[in-house]
Amino acid sequence: MNLPPLHRAAALGLLAALGLGSVAGCSSADSAPRTAEVRKSAPDVSPAPSGTASATSTSTSTDIGWIQLMTPMNQQAVKLLTLAAERAAEPRVRAFADRLRTGHEAELNRLRPLLTRMGLPLTDVHAGHDMPGMVTEQDLEAAHAAEGPALDRLVLARIRDHLRQSAQVSRSEITAGGRADARELARALVTAREGFLAELERLPGAVRALG
């Protein structure tokens, strides 16, 4: 599917600002000129629905990059968490995965309407690219093949990376985003991730899985 290059460039620009832009399939050579294009031509204001306060209608490239990265990150994490909630060997890991999945699904119920309000597609502009903190299709294949403690270790390691990276990107949105509604959601995401990270590191098997 051919998506406007401006949308994906915005997300890559956010990653580059965080020092995360040089990843497989998202090289700096590919993103640098398009990031410049965002700065020059990205509209600063997106149409706001009737009754929406003007304070929430200003969209910057940071807002675009953040939401177009955070949405697929949550979607991919939910797939792994669903598997872990059903098959993890340790009951506490299963319970943790189930609660985290519920939280991520609730976040998606806020992220998707925000995409729509910003006039952005619901499609994943990062599909096929190895983004930092993203649960990949290879991760999911490995999880399906793993059993017992090996599955628990894989889940804990991948979910920790996801929580850390999504919190880091969300902190950038809090400080540099232009939309009040996006910054509010980013703050909620960071708070949730900090709590889940602290809990994850206390789970059985975490020391061995996380090093």
Side-chain angles (χ1 to χ4, degrees), residues 7 10-15 17-20 44-49 51-82 84-85 92-126 131-135 155-156 158-203 206:
H7 294 152
L12 295 178
L14 177 58
L15 287 173
L18 292 168
L20 302 173
D44 286 333
V45 178
S46 60
T52 301
S54 60
T56 67
S57 64
T58 301
S59 297
T60 67
S61 59
T62 298
D63 299 316
I64 295 170
W66 172 73
I67 194 166
Q68 287 198 316
L69 181 60
M70 193 59 51
T71 304
M73 284 186 78
N74 267 26
Q75 290 170 337
Q76 288 296 106
V78 163
K79 295 177 184 178
L80 182 58
L81 292 166
T82 298
R92 286 175 57 188
V93 174
R94 291 199 303 271
F96 172 83
D98 188 53
R99 287 188 294 102
L100 184 54
R101 176 185 59 184
T102 299
H104 274 42
E105 288 172 341
E107 291 172 358
L108 284 169
N109 287 336
R110 297 180 66 185
L111 287 163
R112 289 174 180 137
L114 182 54
L115 274 168
T116 300
R117 290 200 299 274
M118 292 171 67
L120 300 173
L122 296 177
T123 48
D124 179 5
V125 299
H126 299 294
M131 309 299 289
M134 186 84 73
V135 174
V155 169
L156 292 173
R158 295 297 178 269
I159 291 301
R160 182 185 67 168
D161 289 345
H162 160 73
L163 291 171
R164 283 181 168 180
Q165 295 288 359
S166 56
Q168 183 177 358
V169 174
S170 294
R171 291 187 187 100
S172 179
E173 167 63 23
I174 293 168
T175 58
R179 294 182 63 98
D181 50 359
R183 294 196 308 272
E184 178 185 1
L185 180 52
R187 280 190 287 270
L189 264 63
V190 169
T191 298
R193 276 147 182 71
E194 289 174 345
F196 277 116
L197 275 168
E199 183 178 351
L200 183 150
E201 292 172 359
R202 296 192 299 268
L203 289 171

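We use all heavy atoms of the structure for the numbers below, so side chains are in, but hydrogens, waters and symmetry mates are not.
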Just how far is it from atom [atom1] of [X] to atom [atom2] of [Y], taken to the nearest 0.5 Å?
X: I159; Y: L200; atom1: CD1; atom2: CG; value: 8.0 Å
X: I64; Y: E173; atom1: CD1; atom2: CD; value: 10.5 Å
X: H104; Y: T82; atom1: NE2; atom2: OG1; value: 11.0 Å
X: F196; Y: L163; atom1: CZ; atom2: CG; value: 8.0 Å
X: E107; Y: L185; atom1: CD; atom2: CG; value: 7.0 Å
X: R99; Y: L81; atom1: CZ; atom2: CG; value: 11.0 Å

Please report the shortest heavy-atom distance between [X] and [Y], naming the atom on each side.
X: M70; Y: S170; result: CE-OG, 3.3 Å
X: A85; Y: R94; result: O-CD, 3.7 Å
X: E105; Y: V78; result: OE2-CG1, 3.9 Å
X: S172; Y: T175; result: O-OG1, 3.1 Å
X: L108; Y: P113; result: O-CD, 4.1 Å
X: R179; Y: D63; result: N-OD2, 3.2 Å

Check for a donor-acceptor pair, side chain of R92 on one end and backbone N or O of L203 on the other, with a separation under 3.5 Å.
-> no
Is Q76 reaching over with its side chain to a backbone N or O of V135, donor-acceptor style, under 3.5 angstrom?
-> yes
NZ/NE/NH1/NH2 to OD/OE distance under 4.0 Å, [X] and [Y]:
X: R110; Y: D181; answer: no
X: E194; Y: R171; answer: yes
X: R164; Y: D161; answer: no

Between R193 and S166, a side-chain donor and acceptor under 3.5 Å = yes
pair [X]-[Y]: side-chain heavy atoms closer than 4.5 Å:
X: Q68; Y: L115; answer: yes
X: M134; Y: H162; answer: no
X: I174; Y: W66; answer: no
X: T71; Y: L122; answer: no
X: E184; Y: R187; answer: yes

Step by step, would you call R160 with E201 a side-chain contact (heavy atoms from CB on, under 4.5 Å)?
-> CA-CA 9 Å; R160 182 185 67 168; E201 292 172 359; 4.2 Å; yes
